[in-house]
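First the structure, in the form of structure tokens, and then the observations on it.
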Amino acid sequence: MSIFEYNGSALVAMVGKNCFAIASDRRLGVQLQTIATDFQKIYRIHNKLFIGLAGLATDAQTLYQRLVFRNKLYHLREERDMKPETFASLVSAVLYEKRFGPYFCQPVIAGLGDDDKPFICTMDSIGAKELAKDFVVAGTASESLYGACESMFKPDMEAEELFETISQALISAVDRDCLSGWGGHVYLVTPTEVTERILKGRMD
Amino acid sequence: MTRFEESAPVKGGFSFDLCKRNEMLVQKGLKPSSYLKTGTTIVGLVFRDGVILGADTRATEGPIVADKNCEKIHYMAPNIYCCGAGTAADTEAVTDMVSSQLKLHRFHTGRDSRVVTALTLLKSHLFSYQGHVSAALVLGGVDVTGPHLHTIYPHGSTDTLPFATMGSGSLAAMAIFESKYREGLTRDEGVKLVAEAISSGIFNDLGSGSNVDVCVITKGNREYLRNYMLPNLRTYVSEKGYSFSKKTEVLMTKITPLRELVEVNEGGDAMEE
């Protein structure tokens, strides 16, 4: 079994018209036993920047705490919020520092940049950035998510349609993965508001 | 306060403090993760007025295509570009690092960077990590001494060549170069040959795919032709798309407004004493 399959996770982020959505499943398991069904995998860095962490849960939490520390230092020095592109470079540097003894985490970063232009990116566990203009996926369900997103995604979707598309893609993909599921957690961010929704899914 | 210093931004370089724990996990039977690789076909050739570099745009994670349109031609200096194959994080980190070092060197000396400077910085870094930083590079540029093209292997050895290919698709691309290359090519002939070599890698090698990126560097000028050729466009796209008649069931909704609504008191006596 791979280290990535120890806890199980599914993460996806999609770009819409001046908005983005980031979604995750809610299961925390130890190999095949489920420990929690309300585990948070998406964290808020600031109102317009979210990071989801797939992979080993302990590394995800440690990495999140280190990133919050670095973000707060940045905020104190620069007196402004970090841009999503800058944050992505920060995460990449923090992960590459541990190149020969890495954190077993795959981050998915989503944010609204200058002029409320949506930005998404994902990385492998040593910080190789992958910027995409449509969608990014991570986690044990990533192969099913690639398929679901590739067929369901349309460019320039409005907020409500984007929410529906990302939810359908997430739920269909995790139904085909034993290690993720137990509902979904979706954050939909537009320039005026952040909508957090919990989805009902198969509880198996 | 040693524990506080551990999380503070470090001076640079690698940190090995998770290695022991990761070793223990591997011994317990957990397989390590696979990294994003750029399977790749990267090429370079010297033509009459300078250097042309080419690359495909597929990034793989095991057998899955992770990125259909990634950038493999990295900027090093205004007159020097570098294509990278191997582990994606390594090629990006090593080219970024040497690019910064070259910039500092330009400020220090007040001159344009030379290709051999970039070459020496890259090969000494890669050699000191004995091949563990898995980056195979094709470095090309034009400086005061003329056009140069080099290949750099992950262990730190280098070659200086008139035409070069690297990556999993290198044999497919080299076949094209060996049969059609000649000295003194014009710009258009060179670009056409590079595009043909990359296409050969895209169609014959499974680790390479998607589009062709080309970069033409001449004395005092460079042209980065991103997505010069797109031979793999999506064929069957349904116009209708997906429409979901049955909506997803939502258990809870929480809305946080980002802009505060300011209440304006029109003509009020708010400020009266």
Side-chain angles (χ1 to χ4, degrees), chain A residues 1-6 47-48 55-56 59 65-66 69-70 73 92-93 95-104 106 122-133 142-143 146 151-154 163-165 167-168 171 183-184 186 189-201, chain B residues 7-10 12-23 25-26 29-38 59 61 63-71 87-93 96 129 132-133 234 238 241-244 246-259:
Chain A
M1 191 175 246
S2 155
I3 285 173
F4 270 89
E5 290 166 16
Y6 190 74
N47 272 333
K48 291 186 178 176
L56 198 61
D59 277 353
Q65 286 162 6
R66 285 192 66 185
F69 174 81
R70 298 291 294 264
L73 257 185
S92 177
L95 290 173
Y96 193 71
E97 205 189 340
K98 304 251 184 271
R99 164 67 170 89
F100 298 115
Y103 285 116
F104 296 115
Q106 271 183 308
T122 184
M123 282 166 223
D124 69 347
S125 55
I126 46 174
K129 265 187 287 194
E130 188 208 313
L131 309 161
K133 299 208 166 62
S142 61
E143 290 176 28
Y146 273 124
S151 44
M152 293 183 192
F153 179 81
K154 285 195 298 268
F163 165 71
E164 197 54 47
T165 309
S167 311
Q168 292 280 351
I171 297 292
V186 184
V189 181
T190 62
T192 48
E193 61 185 14
V194 172
T195 311
E196 182 191 336
R197 289 194 181 98
I198 298 200
L199 307 172
K200 179 174 160 178
Chain B
S7 314
V10 280
F14 294 121
S15 109
F16 296 94
D17 50 1
L18 289 178
C19 285
K20 232 175 162 180
R21 174 203 74 152
N22 292 358
E23 256 304 303
L25 284 171
V26 167
L30 292 176
K31 288 195 312 270
S33 49
S34 71
Y35 302 137
L36 198 75
K37 283 197 180 305
T38 52
E61 199 159 1
I64 307 287
V65 175
D67 195 348
K68 291 184 282 187
N69 205 1
C70 71
E71 279 185 37
T87 304
D90 288 334
T91 57
E92 271 175 42
D96 271 351
Y129 284 97
H132 289 286
V133 174
R234 202 161 152 190
S238 159
Y242 273 81
S243 60
F244 303 108
K246 204 164 179 211
K247 301 275 168 207
T248 343
E249 276 196 62
V250 176
L251 292 174
M252 179 213 80
T253 309
K254 185 172 123 189
I255 303 182
T256 318
L258 288 181
R259 290 202 188 130

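Proteins come first, then strands; the chains are lettered A, B, ... in the order of their sequence lines, and each starts at number 1. Reckoned from all heavy atoms, side chains included, excluding hydrogens, waters and symmetry mates.
- When heavy atoms are compared at a cutoff of 4.5 Å, Ile64(B) approaches chain A solely by way of its side chain, counted from C-beta outward.
- Between Ala89(B) and Gly127(A), the shortest heavy-atom distance links the atoms CB-C, 4.3 Å.
- Options Glu92(B), Lys20(B), Glu23(B) differ in how many heavy-atom pairs under 4.5 Å they form with chain A, and the most are formed by Glu92(B).
- Note that OG1 of Thr248(B) and CZ of Arg197(A) are 9.0 Å apart. Values are rounded to the nearest 0.5 Å.
- Annotation for Lys154(A): atom NZ counts as buried by contact number, over 12 foreign heavy atoms lying within 6.0 Å.
- Using a 4.5 Å cut-off between heavy atoms, Phe4(A) contacts chain B through its side chain alone, with no backbone atom that close.
- Met252(B) CE to Leu199(A) CG: the interatomic distance, rounded to the nearest 0.5 Å, is 10.0 Å.
- Note: Lys68(B) NZ to Tyr146(A) OH = 10.0 Å, rounded to the nearest 0.5 Å.
- Neither the backbone nor the side chain of Leu95(A) comes within contact range of chain B, judged by heavy atoms closer than 4.5 Å.
- Residue contact with chain B, scored on non-hydrogen atoms closer than 4.5 Å, involves the side chain of Phe163(A) exclusively.
- Looking at Thr165(A), both its backbone and its side chain come within 4.5 Å of chain B, counting heavy atoms on both sides.
- Contact of the Pro102(A) side chain with the Asn22(B) side chain is registered, since non-hydrogen atoms from C-beta on lie closer than 4.5 Å.
- With a 4.5 angstrom heavy-atom cutoff, Asp96(B) does not touch chain A via any of its atoms.
- The choice from Gly201(A), Gly184(A), Ala128(A), Gly55(A) that makes the most heavy-atom pairs within less than 4.5 Å of chain B is Ala128(A).
- Proximity to chain B is limited to the side chain of Gln106(A), based on heavy atoms less than 4.5 angstrom apart.
- When heavy atoms are compared at a cutoff of 4.5 Å, Ser125(A) approaches chain B solely by way of its side chain, counted from C-beta outward.
- Arg99(A) is listed as a side-chain neighbour of Asp90(B), based on a closest heavy-atom distance under 4.5 Å.
- Interatomic distance, Glu196(A) CD to Ile255(B) CD1, rounded to the nearest 0.5 Å: 11.0 Å.
- With values rounded to the nearest 0.5 angstrom, Gln168(A) atom CD is found 8.5 Å from Lys247(B) atom NZ.
- With a 4.5 angstrom heavy-atom cutoff, Ser151(A) touches chain B via backbone and side-chain atoms both.
- Taking the six-membered ring where the residue is Trp, Phe100(A) and Phe16(B) present parallel rings, their angle staying beneath 30° rather than reaching 60°.
- Only the side chain of Lys48(A) comes within contact range of chain B, with at least one heavy atom under 4.5 Å from a heavy atom of that chain.
- Using a 4.5 Å cut-off between heavy atoms, Phe244(B) contacts chain A through its side chain alone, with no backbone atom that close.
- Side-chain contact between Glu130(A) and Glu61(B) is absent, with no heavy-atom pair separated by less than 4.5 Å.
- With a 4.5 Å cut-off on side-chain heavy atoms, Lys98(A) and Asp17(B) count as touching.
- Side-chain contact between Tyr6(A) and Leu25(B): absent, with no pair of heavy atoms (C-beta onward) separated by less than 4.5 Å.
- Residue contact with chain A, scored on non-hydrogen atoms closer than 4.5 Å, involves the backbone of Val65(B) exclusively.
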